[in-house]
Undergrad: 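One structure, pasted below without further comment.
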Amino acid sequence: RTIRLEVARYRPGEDAEPVFQGYDVPLMADWAVLDGLNYVKDQLDGSLSYRWSCRMGVCGSCGMNVNGEPRLTCGTFLTEYGEGPVRIEPLKGFPVIRDLVVDIDDFLAKLSSVRPWLIREGEELPLTTEYAQTPEQLEAYKQYSMCINCLLCYSACPVYVLDPDFLGPAAIALAQRYNLDSRDMGDRFDVLNLDEAVWGCTFVGECTRVCPKHVDPAEAIQRYKLTAALRSILPWSKR
Ligand code: FES
């Protein structure tokens, strides 16, 4: 048995519009969509371009739109789609470099903008102190540290698709990963308290729904809205 993949092919500058190319691949019970693409690349058409690395839901590089839904293609089985066809497109909301490969430079800049590291003040380097945490202190930010930067939440976000300046779910969740860490002394109010940041979110919640790692960026955003609102009446409040 085979299943048909309809794969978006696009080379900006060469092709006027993306076109869909059909490939029939074996429908195996243990094959993910990524296995189907690898079959195409190895056996049918070596010119197909897409990203992947770990094949086990860790690296975050294989995100694509599969039948209209942002999915990790290494964790999405072909058998989910019955007899097919399976339509595979690049993640929505990002410029396409070629075929299924999108440009993530803007996303990486957004991650950096939230200062994603533990900020300490008044300490000499190198640090020799150990900063132990209780299980409760770890639990406060742990879910946000599970993000693998797969971009699915951006592709699902109706705000980001309309406004590329929106800081977006993963970057705000990353900021909260540090804001809620008991070892962090930083202040990210300047990058979060903006119309293009937490106040741009309309709380549709699609980011949380599509996250393959069960991170809840929608909650992170709503929580920081409360922090920012409190800060307007209690200026010394940081968290
Ligand atoms: Fe690494 Fe899919 S290939 S997450």
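Since the structure is predicted, the reported quantities are computational estimates derived from the model, not experimental observations. What you see below is based on every heavy atom in this structure, not just the backbone, and it leaves out hydrogens, waters and symmetry mates. In listed order, ligands and their atoms are each counted from 1.
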Undergrad: Of all the atoms in Cys74, is at least one N, O or S atom closer to atom 1 (Fe) of ligand 1 than 2.8 Å?
TA: no

Undergrad: Does Arg115 make a cation-pi contact with Tyr178 (under 6.0 Å, within 45 degrees of the axis)?
TA: no

Undergrad: Among side-chain atoms of Ser49 and Arg11, is any donor-acceptor pair under 3.5 angstrom?
TA: no

Undergrad: Donor-acceptor pair, Ser145 side chain versus Lys142 backbone, under 3.5 Å?
TA: yes

Undergrad: Check each heavy atom of Ser53 against ligand 1 and say whether those closer than 4.0 Å belong to the side chain, the backbone, both or neither.
TA: backbone

Undergrad: Is there a donor-acceptor pair under 3.5 Å between the side chain of Thr2 and the backbone N or O of Asp24?
TA: no

Undergrad: Considering the heavy atoms of Val58, write down every atom of ligand 1 situated less than 4.0 Å from one of them.
TA: 4 (S)

Undergrad: Provide, to 0.1 Å, the distance between atom 3 (S) of ligand 1 and the closest protein heavy atom, together with that atom's residue and name.
TA: Arg55 N, 3.1 Å

Undergrad: Assess, by modelled atom type and distance only, whether the side chains of Tyr50 and Asn38 contain a donor and an acceptor separated by less than 3.5 Å.
TA: yes

Undergrad: Assign the ring pair Tyr160 / Tyr154 to parallel, tilted or perpendicular, where the plane angle (0 to 90°) is split at 30° and 60°.
TA: perpendicular

Undergrad: Using a heavy-atom cut-off of under 4.0 Å, does the side chain or the backbone of Ile148 touch ligand 1, or both, or neither?
TA: neither

Undergrad: Which of the atoms in ligand 1, numbered in the order shown and given with their element, are less than 4.0 Å from a heavy-atom of Cys59?
TA: 1 (Fe), 3 (S), 4 (S)

Undergrad: Show me which atoms of ligand 1 lie under 4.0 Å from any heavy atom of Gly57.
TA: 4 (S)

Undergrad: Is it true that atom NZ of Lys41 has more than 12 heavy atoms of other residues, nucleotides or ligands lying nearer than 6.0 Å?
TA: yes

Undergrad: Among all protein non-hydrogen atoms, which one is nearest to atom 4 (S) of ligand 1, and what is the separation to 0.1 Å?
TA: Gly60 N, 3.2 Å

Undergrad: List every atom of ligand 1 that sits less than 4.0 Å from any heavy atom of Cys54, numbering the atoms from 1 in the order shown and giving each element.
TA: 1 (Fe), 3 (S), 4 (S)

Undergrad: Does any N, O or S atom in Cys62 come within less than 2.8 Å of atom 1 (Fe) of ligand 1?
TA: no

